[in-house]
There are 2 protein chains.
Amino acid sequence: MDLRTICLGLLTLGDRSGYELKKLFEDGSLGSIAGVSFGAIYPALGKLANEGLVSCRAEAQKKRPDKKIYSITPAGRAAFVEALMDPVAEDRFRSTFIFVMYFAHLMPGERLRELLSERIASAEQRIAQLRALEPLSTCPSHRFVIGLGLATYTAELTYLKRQRHSVEAPAKRRLDDLREPCQLSPSLHGQAAGSSS
Amino acid sequence: MDLRTICLGLLTLGDRSGYELKKLFEDGSLGSIAGVSFGAIYPALGKLANEGLVSCRAEAQKKRPDKKIYSITPAGRAAFVEALMDPVAEDRFRSTFIFVMYFAHLMPGERLRELLSERIASAEQRIAQLRALEPLSTCPSHRFVIGLGLATYTAELTYLKRQRHSVEAPAKRRLDDLREPCQLSPSLHGQAAGSSS
DNA sequence: CCCAACATGTAAACGGTTACATGATTAC
DNA sequence: GTAATCATGTAACCGTTTACATGTTGGG
């Protein structure tokens, strides 16, 4: 789903300027998941206006550039509802953290601990953001998204903490295990395949 | 983290061709998270070779194009370990499912049920993939990644099932709640701000 | 004094996917 | 026969980020 459609969707919730749209996205439940940049929003809005899916009125402001307030048109609303029927694309997920952890055995232990702490902190922050949003959101759809975010971030946090715990505990294991050398199981090697199974 | 670095990392686990690298990525624990295309892998490998971070030997095959096996060089290994020290970028996550669910109230109930079922099925599939990988992975780093994936997907699955459950249960609620009209709380509107707090 | 927030926009760069081009082999 | 797997590569396209350009207001 491209930004164009996301903007369209956000505009079903009320009229907004590009600037406000970005805030709404980032401060809302979707923001705990990803960000957007102006360099993408403004052109998207322009295109939407070209296609007649949104209308735009300029609101003059003293000593500030005109604020361009966009409203979704009936055609835009129809197009958006239509878009909700399209087959959903798979999640596009790229996590440097996960990738880097896949190579934990190549890092100094100190770095490993640092990485884990950072990740725990950021998960806690996202959870806090979602919890703060919860009482403000009366709409069940939004509560669903918040609940989903909360469920997954909490699970990640629990997992991460359990992993880190082992370092600080007297038994001091597990995290150090991560530094053990790595070897792939033959079935993942796929080299000179021996016609398995 | 770009594909170039990911290829470099994967090559620390053993020599491989571009084709095999793609399989390794997709069949391994990282594959339950995202995919890669040849159109990105081959150029990445070429660039890596240009920079002397990997070496390449062509393996002639009867009736097939030469297989180009890449090995990481000492310089490449150093560069990769270096890359593991770089500050980790935030996750880049784009989920059409989550976005669409944010607008559940604009969809027919049937569509909603379909979406939920699809998502549940795909989460179950990913969990199955990770579980299948678990006994094959002796390396603690990889087990960490598998465990993390399992923890989050399981949490999502549980959440999703609980949401769906309410439809099939006699009390038939919650999921239908999602179709209720939506209104943002004033604090998220941000329109004509009344100097809150 | 400087930084953050407000406000819009453009252009270049980036990192990736999709489609195209080519072609043998094996399993159903 | 036809689809999948093996095997590499290029070019066009796409959506997005980053950097640039411009300027005011208000708070620390």
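Protein chains get the first letters and strands the later ones, always in sequence-line order, with residue 1 at the start of each. For clarity, every value in this text was computed on a predicted model and none was experimentally measured.
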A:Lys67 NZ/CZ over A:Tyr19 ring centroid, <6.0 Å and within 45° of normal: no
Qualifying residue, where the test is ring pair (Phe, Tyr, Trp, His ring centres under 6.0 Å) with B:Phe99 and the options are B:Tyr102, B:Phe103, B:Phe97: B:Phe103
Gap between atoms CD and C1', on B:Glu59 and D:dT8 respectively (whole Å): 15 Å
Nucleotide D:dT18, atom P - distance to CD of B:Glu90 in whole Å: 11 Å
salt_bridge(A:Arg111, A:Glu114) N-O dist < 4.0 Å: yes
Closest listed nucleotide, where the reference is the side chain of B:Asp2 and the choices are C:dT17, C:dG15, D:dT16: C:dG15
A:Ser117 and A:Arg164: side chain donor to acceptor below 3.5 Å: yes
Side-chain N or O of A:Lys68 closer than 4.0 Å to phosphate OP1/OP2 of C:dG9: yes
Rounded distance (Å) that lies between atom C1' of D:dG9 and atom NZ of B:Lys22: 14 Å
Sugar-phosphate, base or nothing in reach of B:Lys47, heavy atoms under 4.0 Å: nothing
Phosphate-side-chain proximity, B:Lys23 and D:dT5, N/O vs OP1/OP2 below 4.0 Å: no
Residue A:Pro43, side-chain atoms from C-beta onward, closest of C:dG16, C:dT8, C:dT10: C:dT10
Nearest-nucleotide comparison on DNA chain D, the residue closer to the 5′ end among B:Phe38 and B:Arg92: B:Phe38
Between D:dG15 (P) and B:Phe99 (CZ): distance, integer Å: 15 Å
Length of the line joining B:Leu24:CG and D:dC6:C1', which is rounded to integer Å: 17 Å
Of the listed nucleotides C:dT17, C:dG9, C:dC6, the one nearest the side chain of A:Tyr19: C:dC6
B:Tyr42 OH to D:dA7 P, straight-line distance once rounded to whole Å: 9 Å
Option among A:Arg94, A:Arg126, A:Arg119 that satisfies the salt bridge (charged side-chain N to carboxylate O under 4.0 Å, His left out) test with B:Asp91: A:Arg119
Whole-Å distance separating the CD1 atom of B:Ile41 from the C1' atom of C:dT18: 15 Å
Atom pair distance, as rounded to whole Å: CD1 in B:Ile6 and P in C:dG15: 12 Å
Residue A:Lys67, side-chain heavy atoms: nucleotide from C:dT8, D:dT5, D:dT16 that is nearest: C:dT8
Given C:dG16, C:dC6, C:dT17, the nucleotide with the shortest approach to the side chain of B:Ser37: C:dT17
